[in-house]
Q: 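My questions will all concern the structure given below.
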Amino acid sequence: MTEVMQWPRHKPFLSATHVNKGPSTAIPSLHRVLHTPSMRTAMNCIRNRYFPVTTNRSTALHTLGHLTSVSGIQTTTYQGFSQPAPAALMVTVCVAQLYSTANRTWKNRHKKRVYRKKQQQSQAVRFVTMENSCFSYSVIFIITLLVLTTMALEECLLEQLRLKAQVRHLEHQTKLQQIKIENLLQEKELQFMDRGDEMVVINLGEKRTYADCGEIYNDGNKRSGFYKIQPRMSNTSFSVFCDMSEGGGWTVVQRRSDGSQDFYRNWTDYKQGFGDFTTAMGEYWLGNDKLHYLTLQDDYTLRIDLLDFEGQRRYADYKSFRVNDEESAYQISCGDYSGTAGDSLTGGFNPEVQWWANHNGMKFSTWDRDNDNYEENCAVDDKGGWWYNRCHSTNLNGLYYKGPYTSNTDDGIVWYTWHGWWYSMKYVAMKIRSANFEPNLV
Ligand SMILES: [Ca+2]
C-alpha cells in the first residue's frame with residue numbers, strides 16, 4: 001500500500017508560540033507535522049538544495065514555482081507518494097511557510113535590533129546633547145567668570161585711582177599746612193625778637209633742681225625764658241635761656257641777635273661764660289665748663305638756628321654733641337648732620353676742604369689760647385672764640401655785621417654753606433636737647 005500523507009488540518013503549521021520563539025523552535029514543530037522519515041529526508045534535501053540562504057518570502061515563492069516544475073525529483077525522492085507533485089508542493093509550501101515565519105521573526109528581531117540601535121543612538125545623541133550642554137554651560141560659566149573678573153579689576157583700578165587722587169590731595173593739604181606752620185613760626189620769632197628788651201627771668205624756687213631745660217619743660221613750664229639749671233656733675237646752678245618752641249626743652253648755649261655783646265674775649269671769659277642773661281633776646285655765651293657738664297650727662301643733639309637779614313630761617317642739627325673738659329681744651333665732638341643750612345660745622349659739604357674746614361674734633365681757641373691748626377692764631381684773625389681749625393667754615397662768635405660785609409679776614413658771623421664767608425647772620429642760637437627727650441604734652 002502506498003502511504004498517502006494526510007495533513008493534520010486541525011492544527012496550524014505554526015502556532016503563535018512558535019512564531020514568537022523564532023525559526024529554531026518552528027523547525028521542530030514542522031518536523032512533528034512531517035514526522036515520517038521519508039518526509040524528513042525530502043525536506044532536508046529541499047532545504048539544503050533550495051534554501052541555503054533564503055531570507056524572504058518572495059525568494060521562497062520563486063522556489064515554489066521552480067519545484068513544481070522539477071517532477072523528476074519528486075518521483076525519485078518521494079517514492080511513497082501516490083501523487084508526487086502535490087506532495088512536493090505541500091512540502092514546498094510548508095518550507096516556504098516556515099521560512100516566511102522565520103523571516104518575520106527575523107524581521108521582528110531586526111526591528112528590535114534597529115529599535116535598540118535607535119535607542120542607543122538616541123542615548124548617544126542625548127549624551128552628545130548633554131555633553132554639548134555641559135560644554136555650553138562651561139563656556140557660559142567661564143565667560144561669566146571672565147566678565148566678573150574684568151569688572152572686579154576695573155573696580156580695583158578705579159579704587160586705586162581714587163586713592164591716589166586722595167593721597168595727592170592729602171599731600172597737597174599737608175604741604176599747605178607745613179607752609180602755614182612755617183609762617184606762624186616766623187611770625188612768632190619776629191614777635192619774639194620785637195620784645196627783645198623784655199625781662200624773662202623765671203624763678204621756679206628752690207624746690208627742685210633741673211639738669212636741663214628739657215626737665216623744666218616736662219615739669220609743666222612751657223614758657224620760654226631764663227631758668228636756673230644745675231647739671232648733675234656741676235657744683236653750682238646757673239641761669240640759661242630755655243627755648244620752649246620747636247617741641248620745647250631746648251637749652252640755649254649761645255645766642256647772637258643784635259651785636260650788643262663783645263665776643264672777642266679771652267680764655268677765662270669763654271670758660272665761665274659771658275653776656276646778657278636777663279633779656280629775652282640777650283646775647284651770651286653760656287661758658288665752656290657749663291657746656292662740658294651739660295653734654296656730659298646725656299646724649300645731646302645740637303641745633304643751630306640761623307636767621308639772615310632777608311628774614312629767611314635755616315637750621316642745622318648734629319647728633320651726639322659733646323664738649324670735653326678744660327684739660328682737653330674743650331675739644332668738640334659731634335655726629336651726623338641734618339637740616340637746611342648745610343653742614344658747615346663738620347665740613348661735610350666738600351670732603352676736599354675737610355682737612356682745614358672741619359671743626360669736629362677741634363680744640364677751643366681764644367686770642368690768648370691758640371689751639372688751632374693754623375700757623376698764626378685764628379681767634380685773633382677772626383675775632384672770636386671758637387673750635388678753629390685752619391681756620392673755619394663757620395664762625396658764630398665772630399663780629400656782628402649786618403649781612404654782607406668786607407674785612408681783611410672772614411671774621412663775621414659766618415655759616416659758609418648758606419651765605420658764604422662774606423655774609424654775617426642777623427640771628428644765631430646754638431641750643432641743645434637730650435636725644436632721649438620726650439615732650440610731656442599734659
Ligand atoms: Ca695757630
Side-chain angles (χ1 to χ4, degrees), residues 253-256 259 261-275 283-296 302 304 306 316 318 320-335 337 341-401 405-425 428 430:
V253 300
Q254 183 262 20
R255 186 161 57 197
R256 309 298 300 274
Q261 297 293 319
D262 177 15
F263 275 71
Y264 188 44
R265 293 181 181 245
N266 63 20
W267 183 263
T268 307
D269 285 348
Y270 272 99
K271 169 186 163 70
Q272 295 172 348
F274 59 85
E283 291 189 318
Y284 68 83
W285 179 259
L286 184 64
N288 289 339
D289 279 340
K290 293 163 189 157
L291 257 175
H292 168 63
Y293 290 133
L294 271 168
T295 57
L296 186 66
L302 168 68
I304 299 170
L306 300 163
Y318 292 91
S320 306
F321 173 71
R322 179 162 288 188
V323 175
N324 281 341
D325 59 10
E326 188 174 15
E327 283 184 19
S328 307
Y330 306 115
Q331 190 182 31
I332 187 181
S333 63
C334 55
Y337 157 83
D343 177 15
S344 286
L345 191 63
T346 63
F349 59 94
N350 186 351
E352 290 180 10
V353 303
Q354 277 198 334
W355 69 275
W356 62 265
N358 185 5
H359 297 277
N360 191 14
M362 297 311 301
K363 295 173 178 174
F364 203 86
S365 291
T366 53
W367 61 263
D368 57 342
R369 192 77 63 93
D370 181 359
N371 293 313
D372 60 35
N373 288 333
Y374 183 46
E375 294 80 4
E376 296 176 31
N377 190 337
C378 290
V380 173
D381 279 7
D382 297 326
K383 308 291 185 295
W386 196 243
W387 297 278
Y388 291 110
N389 187 339
R390 191 186 165 88
C391 284
H392 73 80
S393 51
T394 176
N395 185 36
L396 300 184
N397 290 334
L399 296 177
Y400 194 93
Y401 294 103
Y405 67 96
T406 51
S407 175
N408 291 331
T409 60
D410 45 355
D411 54 5
I413 302 170
V414 169
W415 190 265
Y416 171 75
T417 49
W418 187 14
H419 279 300
W421 281 290
W422 306 103
Y423 188 97
S424 191
M425 295 294 158
V428 176
M430 294 173 65

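First listed ligand is number 1; within each ligand, the first listed atom is number 1. This chain uses plain numbering: 1 for the first residue, then up along the sequence.
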Q: Check all N, O or S atoms of D372 and name the one closest to the Ca ion (ligand 1).
A: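 Result: OD1.
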
Q: Can you tell me which N/O/S atom of D370 has the shortest distance to the Ca ion (ligand 1)?
A: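 Of the nitrogen, oxygen and sulfur atoms in D370, the Ca ion (ligand 1) lies nearest to OD2.
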
Q: So, D411 and Y401: side-chain donor and acceptor under 3.5 Å apart, yes or no?
A: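 Yes, Y401 and D411 have a side-chain donor paired with an acceptor closer than 3.5 Å.
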
Q: Per the side chain to side chain donor-acceptor pair (under 3.5 Å) rule, which among K383, R256, Q254 passes with N397?
A: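 Running side chain to side chain donor-acceptor pair (under 3.5 Å) over K383, R256, Q254 with N397 returns exactly one hit, Q254.
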
Q: Classify the ring geometry between F364 and W387 as parallel (under 30°), tilted (30 to 60°) or perpendicular (over 60°).
A: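 Because their plane-to-plane angle is over 60°, the rings of F364 and W387 count as perpendicular.
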
Q: From the Ca ion (ligand 1) out to just under 3.0 Å, does an N/O/S atom of N371 turn up?
A: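 No - counting backbone and side chain alike, N371 has no N, O or S atom under 3.0 Å.
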
Q: Does a donor on one side chain and an acceptor on the other come within less than 3.5 Å for W367 and D370?
A: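 No pair is found: no donor N or O on one side chain lies under 3.5 Å from an acceptor on the other.
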
Q: For N/O/S atoms only: which one belongs to E376 and is nearest the Ca ion (ligand 1)?
A: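 When I compare the N, O and S atoms of E376, O is nearest to the Ca ion (ligand 1).
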
